[in-house]
Amino acid sequence: MKVLVIGAGGREHAIVDALSRSSKVSKIYCAPGNAGIALQAECVPIKDTDVPALLAFARSEGLDLTVVGPEAALSAGVTDAFRAAGLRIFGHTKAATRIESSKEFAKELMAKYGIPTAAYRSFSDYEPALDYVLSRPFPAVLKYDGLAAGKGVVIASDGDEARTALASMLLDHRFGQGRVVVEDYLTGPEFSFMAFVDGERVYPMPLSQDHKRAFDGDKGPNTGGMGAYTGLPFITPEDEQFALHQILEKAAAGMVAEGCPLSGVLYGGLMKTPDGVKVIEFNARFGDPETEVVLPLLESDITDIFCAVADGRPAEAPVWCDEVTMGVVMASKGYPGSYEKGFAIDIPADMSGVCLYQMGTAVKDGRLVTAGGRVLMPVCKGADLSEARTRVYEAVSQIRCENLFYRSDIAHQAL
Ligand code: AMP
Ligand code: GLY
């Protein structure tokens with residue numbers, strides 16, 4: 001099979017890596033890819049949202065399968081265009097991607113199909129939104145309804161913070177013309193539950209946990225994710241079964257009933273609250289950096305599940321190994337704010353036992369250099385988390401670059 005992966009980050013590197021383990025795959029392309037992905041795939045300089053160019057490439061190369069990483073490509077309608085052209089693609093239609101791209105759509109789906117989540121109301125005008133917020137207990141959770149690159153959620157601790165946030169979203173239209181969802185504040189550990197979904201068929205992946213804040217102790221600004229691991233001791237098998245049946249399967253069935261069936265990855269951003277597991281958000285794609293710790297555990301051939309979901313036929317459940325994984329993101333100093341690029345990275349020749357996923361790298365004058373906010377993510381397996389941790393921080397210590405920082409407490413809730 002000739003396969004194309006769309007995207008350019010660590011998530012796409014992990015997908016390419018999983019595809020490279022398949023005996024059925026003869027050629028992997030990645031659009032646009034990065035310097036690390038280029039070690040395992042041929043990178044083609046096409047933007048992830050340039051649907052006509054992606055389609056033309058898939059046709060001219062006679063591709064057997066395309067796998068979509070980023071939500072931007074799904075929201076741009078890449079799946080709809082490929083399907084209309086009779087090309088096989090793994091990823092949701094634009095209509096199904098609304099489970100991520102519209103918070104209000106997701107909230108209505110959960111209300112209609114009895115999926116546990118925080119109580120909410122949605123507003124398009126500033127005054128009624130503020131009146132509602134002021135009538136409820138603080139903190140208040142304010143979510144811009146649309147894609148806002150992870151910056152559209154504000155946890156307001158008092159009326160002044162709520163006024164400022166609502167004014168920027170509903171009066172100044174900082175992110176666009178969208179509405180705002182106001183929801184109750186929930187507490188408890190967060191975790192990520194991803195599954196391959198084809199209509200009502202749901203094939204769960206191992207649970208994982210991301211670390212959204214930039215610094216140790218969950219301090220500092222929100223980022224795209226600073227590290228992740230699998231093997232969560234605080235989520236019981238009962239919690240997992242509940243989340244599978246009452247959340248993921250109900251969402252999948254609900255999307256079928258709404259006429260926009262899922263056909264790709266459903267990502268539940270979940271919280272174990274004192275009242276049980278509830279949904280914080282749904283995403284319509286693989287999580288990043290969760291994918292980098294989950295896919296190394298896949299023992300079966302990833303093309304089997306990709307092709308079955310893309311074709312809309314039943315698959316054998318993927319097989320996962322029972323080890324655990326941990327990954328540490330190495331990011332440019334200054335990230336998630338402004339940062340400089342172009343710093344040389346030295347990686348030892350022998351990194352055996354490490355999946356070294358590259359997130360934001362480039363090659364300049366024959367040298368590997370930093371080229372993004374999140375730059376590298378070494379991932380290691382272990383029989384348990386302390387073994388995985390020892391190995392992954394050993395790998396981190398061997399990578400030399402003067403402009404990178406990382407968290408030293410990944411999995412602190414578990415260890
Ligand atoms: P989201 O983009 O919806 O995942 O929100 C980003 C982050 O805000 C989440 O990872 C949570 O840490 C936090 N958050 C979102 N909704 C809530 C909520 N209802 N209660 C508490 N924290 C929340
Ligand atoms: N790790 C969070 C996300 O992929 O949205």
Side-chain angles (χ1 to χ4, degrees), residues 7 9-12 14-15 68-72 74-75 97 99-107 110 115-122 133 136-157 165 169 175 178 180-194 205 207-214 218-230 264-275 277-295 327 329 331 336 357 359 373-374 377 407 410 413:
R11 164 181 60 199
E12 287 74 20
I15 295 169
V68 189
E71 70 273 30
L74 298 170
S75 288
T97 302
I99 198 167
E100 167 166 7
S101 60
S102 167
K103 302 251 183 221
E104 191 171 15
F105 176 84
K107 280 299 210 180
M110 289 186 261
I115 299 169
T117 188
Y120 81 103
R121 282 189 49 191
S122 140
V133 170
R136 312 274 305 167
F138 280 97
V141 181
L142 314 174
K143 298 186 175 184
Y144 173 74
D145 188 20
L147 293 176
K151 300 190 177 79
V153 177
V154 173
I155 314 273
S157 45
M169 293 181 195
F175 304 110
V180 168
V181 169
V182 178
E183 62 178 45
D184 288 354
Y185 181 76
L186 303 177
T187 56
E190 286 181 63
F191 63 103
S192 307
F193 196 178
M194 300 190 285
M205 302 185 219
L207 303 179
S208 57
Q209 191 186 44
D210 185 9
H211 294 62
K212 291 219 161 83
R213 303 295 202 98
D218 293 325
K219 304 254 170 20
N222 264 321
T223 70
M226 293 298 294
Y229 65 99
T230 63
V265 172
L266 177 62
Y267 166 123
L270 311 181
M271 188 182 270
K272 181 174 173 162
T273 78
D275 304 323
V277 177
K278 296 190 180 183
V279 178
I280 295 290
E281 65 165 350
F282 281 125
N283 291 328
R285 52 173 173 81
F286 282 109
D288 192 354
E290 290 92 332
T291 302
E292 292 91 311
V293 292
V294 167
L295 288 188
V329 171
Y357 295 129
M359 310 179 96
R374 292 187 296 172
M377 184 175 180
R407 281 184 60 161
I410 300 305
Q413 286 187 35

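Just follow the structure's listing: the first ligand is 1, and inside any ligand the first atom is 1.
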Backbone or side-chain N or O of Tyr185 under 3.5 Å from ligand 1 N or O: no
Atom of Ala118, atom of Asp184 and distance for their closest heavy-atom approach: CB-O, 3.4 Å
Contact summary for Val329 and Gly227, nearest pair of heavy atoms: CG2-N, 3.7 Å
Separation of Gln209 CD from Ile410 CD1 (nearest 0.5 Å): 9.5 Å
Per-residue contact class, Val153 against ligand 1 - non-hydrogen pairs under 4.0 Å: side chain
Heteroatom proximity flag, Val141 to ligand 1, N/O under 3.5 Å: no
Residue among Glu104, Glu183, Glu281 satisfying salt bridge (charged side-chain N to carboxylate O under 4.0 Å, His left out) with Lys143: Glu183
Ligand-side contact atoms (ligand 1) for residue partner Lys143, heavy atom cut-off under 4.0 Å: 3 (O), 15 (C), 16 (N)
Shortest non-hydrogen contact from Arg213 toward Asp218: CG-O, 3.5 Å
Minimal non-hydrogen separation, Pro289 against Gly225, with atom names: CD-CA, 3.9 Å
Atoms of ligand 1, numbered as shown, that sit under 4.0 Å from any heavy atom of Glu183: 16 (N), 17 (C), 18 (C), 19 (N)
Any Asp184 heavy atom less than 4.0 Å from ligand 1: yes
Verdict with reasoning, Tyr357 to Thr291, per side chain to side chain contact (heavy atoms under 4.5 Å, CB included): CA-CA 11 Å; Tyr357 295 129; Thr291 302; over 6 Å; no
Ligand-residue contact atoms, ligand 2 with Tyr267, heavy atoms, under 4.0 Å: 1 (N), 2 (C), 3 (C)
Ligand 2 atoms in contact with Glu290 (distance to a heavy atom under 4.0 Å): 1 (N), 2 (C), 4 (O)
Geometric N/O contact Arg285 with ligand 2, under 3.5 angstrom: yes
Atoms in ligand 2 flagged as close to Asp210, the criterion being non-hydrogen separation under 4.0 Å: 1 (N), 2 (C)
Distance filter under 4.0 Å to Asn283 heavy atoms, resulting ligand 2 atoms: 3 (C), 5 (O)
Ligand 2 to Lys212 polar contact by distance, N or O atoms, under 3.5 Å: no
Atoms in ligand 2 flagged as close to Gly287, the criterion being non-hydrogen separation under 4.0 Å: 4 (O)
Heavy-atom gap Phe286 to ligand 2 smaller than 4.0 Å: no
Least distance between heavy atoms, Val68 atom then Leu74 atom: CG1-CD2, 3.7 Å
Any Val141 side-chain heavy atom under 4.5 Å of Val182 side chain: no
